[in-house]
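Counting begins at 1 with the first residue of the sequence.
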Amino acid sequence: MSDSFEGETYVKSYDGALVKRIMAYLKPYSHFAAVIVLALAVSTAGELAVPVLQQRLIDGRILPKYIALNLEAADDGLSWREALSGVLSASIPPQLREEVLRIVPPEIADGGKASFFSGPLFSGPPPVFTGKALFIAETSRLKMSASCALALRNAGILDGEKWYAFRVNAESGEKEAALAGFVAHNSGSGGFFSALEEADGTVAAAIRLKDMDLLSASERELLRGGDLKAIVYVVFLLLSALLVTFAATFTQMYLSSAVGQRIMKDIRLQLYSKTINQSSAFLSRNPVGRIVSRVTSDVETINDFFTSVLTTLLKDLALMVGVMVTMIALSPRLALAAALCMPPVLVITIISRVKARSAFRDQRAATSAINSYLSERISGMSVVQMFCAEEKSEKDFEKRNSSLLIASLREIRILSIFRPSVEFISIFTTAAVIAAGAAFVLNLSLSIGVLIAFINLTAMFFAPVLDIAEKYTILQSAMAGAERVFALLDVERRIPDAGKIKQLPQNRRIEFSNVHFSYEKGEEALKGLSFCVEDGETAAITGFSGAGKTTITNLIPRLWDIDSGALTIGGIPVRDFSLPVLRASALPVLQDVFLFSFTVAENISLGLDISREQIESAAKAAYAHDFIMSLENGYDTRLCEGAANISQGQRQLISFARVIAHNPSIIILDEATSSIDAETESLVQSGLKKVLRGRTSIVIAHRLSTIRGADKILVLSGGVLAECGGHEELIAKNGIYAGLYQLQFEEAGIA
C-alpha cells in the first residue's frame, strides 16, 4: 500500500470487509451491545403495542358493536353453542356453519375462566346469549366472509341492526344492582332490552344502538359504567407502554452514543500510537493536516456509523417487520391490500440510492477541492497580494464554488424528488387501506378499531423508509471515512526496533563508513560518506546548502535509516541499540525549534521527572534563566501555540536548556545558534563549552564563527566529504572552507 492517501476514497455504499473491521472494535463493549439490542426490541414492541391497544380500546369499549344471531327457532334450555348449531344446521351449508362457530373461543363463551392473554383486551369481549339471540362483538376476531354474512341474512339468522350487549351481576355492587334493575324494568315486550337472567343471578342483556339515543344521560352513564372503568385501565396500559418505550429508547440511544464515543477513543488512541511510531519518511509524505483529518473527522464518521446508522437501521428494519407482522395478525386481507402498494417504494428507493450515491461522490470531490484551494490560498495570501493575483484567485475560486453548488443542488434535487414520492405513496397506501377497510367493515369482516390501527401502522411503516434513505448518505460517508482510517492504520513505515543493547558503550566514537542515503529513490543525499568523530571530540560540519549536513543529524538517532554502508557508535551498528536508548543518548538541537503549549518548565523537563532546581540549573547553563524569570509567571509561564509569545532566540535558548536537562551522551547542534544575536551567542558558547566537554558532539553551522574552536571541521559537498581538518589547516588548503570563510569574514575585515 502506498504511503500517501491523498485523494478522496470512493467505496461501495456498503463494504462487508470494512463493516467487519469496524464491528471488531465493538467486542470489548459486547455487554453494552446486548443491552442496546434488548432496549431496541423493547422500544419497537412498545411502539407497536400502541396502535394495537388503541384498536382494542376502540372496538371493545369506546365503540362496541355487536351483531345479533337470531336463535328463536332453537329449543329453550340449550347453551348458545347448541342452539346456534341447531339453527345453522337447518339453514346454511356445513362449511359456513364451521366459519360461524369459529368466531368465538368456546372456553370463554361457555363461561370458562379467561387468562390475561385471552381476556377482553386481547381476544375481544365474549359473546352475550339472551336466550333467543346470540350477540357477537365486531372486533378483530370477527372475520366473517361476505358469503357467510349473506347466507345468514337470507336464512333470517343475521339481522341488520347494531347492538350493545353486556352481562351484569346484581350482587357485585350498588351500581351493578341498579343496572340489573334498570334492565329488568325495560325488558320484555315494549322494552329496550333483550335480556335473560342466568342461574347465578347474572343478567345477560342487549340494546339496539339506535335505542340508546332514547336513554337519558344518567341512564347511558349507568349502562356504560363498566366500559368507563375498562377505558381507564387501557389508557393506563397505553401510558405504561409509552413510558417503557421512552425508557428503552433513551437507554438504546444513550448506550449507542456512549459505545460510539468509547470506540472513537480506542481508534484515536490506536491512530495516534501508530502515527507517533512511524518513521520520518512516512510523516514527510503525509501532510499533518491530512493525518489530523483522519484522527478527527474521519473517526467521527465511524461514530456516526454506530449511533446514526447501525442502531437506527436495526430499529427501522425491526419496526417495518413488526408493522407487517402486526398488520397480518390483525387482518391478512387488509395487510395484502397495503402490501400491494409497497413495490413502488422499493423501486423509488433503489433508483434514488444509486442517484444519491453519484451526487454524494461529486459533492465530496467538490468540497475537497474547495477546501484544498482555500487552505493553500489563505496560507499564501501575502504572495497573492504581492503579485496582484487577487482577480485570478477569485475566478479560480468561483469555478470551484460553482462546481460545489451544482453538486449540492443535484443532491438536493434527488432528495426533493424522493421524499415527496414516498410521502405520496404513503398517502395513497393510506387511502387504499381506508377504501378496502371500509368495504370490509360493511361486510362484517373488519372492525372500526382495526381500520384505525391500520391507518396508524401504515404511517409507522413509511417513517422508517424515509429514515433509511437519509441514513444512506451517512452510511456511505462512514464507509469512506473508515477506509481512510484503516488505510492509515495499515501503513507500516516505522523504524524497525530490533536492537537488544540497552546502553551505549563507554567509547562514543561515531563513524560513517561508505554511507549511502536517499529521501526519494534515485536522488541520493549522501553518496558514500565516510568520516569519524572520536569519543569526546567536537566535530563541526559545514558546507553549501544541500550538501547533506542536516541528513547526518537525522541518521544518528535513526529518524531515518541508511540505505547502505555502516553507521556505528563505539564500533556497534546503531541498529543494534534499542531505539529509545539510542534517541535518549543522542539528542539534537535543531534550527527550527518546536516548543509545546506547556509551561516553560514543562518544555524543559519534557518527559523527565526532575526537580525545579534541576530545571533552573539547566536553564542557567543555557543562559536562559534571566529571560525566563522576566516572563509574567517565570518558569510557570504557559507558551502559546508555536511559542508565539516569546522570540525565536528565546525559543532556541529553551531548547538548549532542554538538551542540557536531559544530559545526553551525544549532542548534535544543527544551526542551533542561527537565531541568537551575537551577544547572546557568546554567552551560549561559554555555556556550551561546559556542556560539550567530555561528550561526543557534532556542530552543524553556516556561521563559521561558531565552529572555529571545534576539534575537527568536516566540509561536505554533494553528499560526500570534501575536506577535513582544523580551522587553520583548512584555510591553508584554500579550498571550499577557505572560500566560505572569505565570503563571510573578509568583507568585514576579520583576519
State the CG-CZ distance between L238 and R56, to the nearest 0.5 angstrom. 12.5 Å
Restricting to non-hydrogen atoms, name the atom on E176 and the atom on N169 that form the minimum distance, rounded to 0.1 Å. CB-O, 3.2 Å
Could you walk me through whether I136 and L69 pass the side chain to side chain contact (heavy atoms under 4.5 Å, CB included) test, one step at a time? CA-CA 8 Å; I136 303 173; L69 299 181; 3.6 Å; yes
Shortest non-hydrogen contact from D316 to P464? CB-CB, 3.6 Å
Rounded distance [0.5 Å steps], CD1 in I157 versus CG in L84: 7.5 Å
Do Y164 and D211 have a side chain donor and acceptor closer than 3.5 Å? no
4.5 Å side-chain heavy-atom contact, P332 and L336: no
Return the OG to CE distance between S30 and M23, rounded to the nearest 0.5 Å. 11.0 Å
Could you tell me whether the side chain of F306 reaches within less than 4.5 Å of the side chain of I263, counting heavy atoms only? yes
Can you establish whether the number of heavy atoms outside E174 located under 6.0 Å from its atom CD is more than 12? no
Given side chain to side chain contact (heavy atoms under 4.5 Å, CB included), test R167 with V203 step by step and report yes or no. CA-CA 6 Å; R167 293 160 62 91; V203 176; over 6 Å; no
Derivation of the side-chain hydrogen bond (donor to acceptor under 3.5 Å, both in side chains) call for T130 and S194: CA-CA 6 Å; T130 62; S194 171; 3.1 Å; yes
Which pair of heavy atoms, one from V183 and one from F193, lies closest together, and at what distance? CA-CD1, 3.9 Å
Indicate yes or no: at least one non-hydrogen side-chain atom of T311 is less than 4.5 angstrom from one of V37. no
Count the heavy atoms belonging to other residues, nucleotides or ligands that lie under 6.0 Å from CD of E221, then report whether that count exceeds 12. no
Closest heavy-atom contact between D227 and P64? OD2-CG, 4.3 Å
Quick one, V19 and F305 - any side-chain contact, counting heavy atoms below 4.5 Å? yes
Taking the side chain as every heavy atom from C-beta outward, state whether T326 and P51 have any pair of such atoms under 4.5 Å apart. no
Side-chain donor or acceptor of S187 paired with backbone N/O of A184 under 3.5 Å: yes
Nearest 0.5 Å please: distance from the CG atom of L330 over to the CZ atom of F454. 5.5 Å
With heavy-atom distances below 4.5 Å as the criterion, would you say the side chains of M264 and N303 are in contact? yes
From the list L319, V42, L242, side chain to side chain contact (heavy atoms under 4.5 Å, CB included) partner of E47 resolves to L319
Kindly say whether Y254 contributes a backbone atom to a donor-acceptor pair with the side chain of S257 at under 3.5 angstrom? no
Run the side chain to side chain contact (heavy atoms under 4.5 Å, CB included) check on I67 and W163 step by step: do they pass? CA-CA 6 Å; I67 61 171; W163 295 76; over 6 Å; no
Minimum heavy-atom distance L53-A241, with the two atoms named: CD1-CB, 4.4 Å
Taking C-beta and beyond as the side chain, do K162 and K210 meet within less than 4.5 Å on heavy atoms? no
Which atom of A482 lies closest to which atom of I22, heavy atoms considered: CB-CD1, 3.6 Å
OG (S256) and NZ (K315) are apart, to the nearest 0.5 Å, by 10.5 Å
Using a 6.0 Å cut-off, check whether atom CE of M324 has over 12 heavy atoms from anything other than its own residue. yes
Calculate, to the nearest 0.5 Å, the distance between atoms CG and CZ belonging to L223 and F192 respectively. 11.0 Å
I'd like to know whether K132 forms a side chain to side chain contact (heavy atoms under 4.5 Å, CB included) with L71, so could you lay out the CA-CA distance, the side-chain angles of the two residues, the decisive distance to 0.1 Å, and finally the verdict. CA-CA 5 Å; K132 294 302 181 180; L71 304 182; 5.8 Å; no
Whether the side chain of E98 engages the backbone of Q95 through a donor-acceptor N/O pair (distance < 3.5 Å, no angle test) should be reported. no
Are any non-hydrogen side-chain atoms of L215 and I207 less than 4.5 angstrom apart? yes
For the residue pair T429 / T458, report whether a side-chain donor-acceptor contact shorter than 3.5 Å exists. no
For R208 and E161, indicate whether the former's side chain and the latter's backbone hold a donor-acceptor pair under 3.5 Å. no
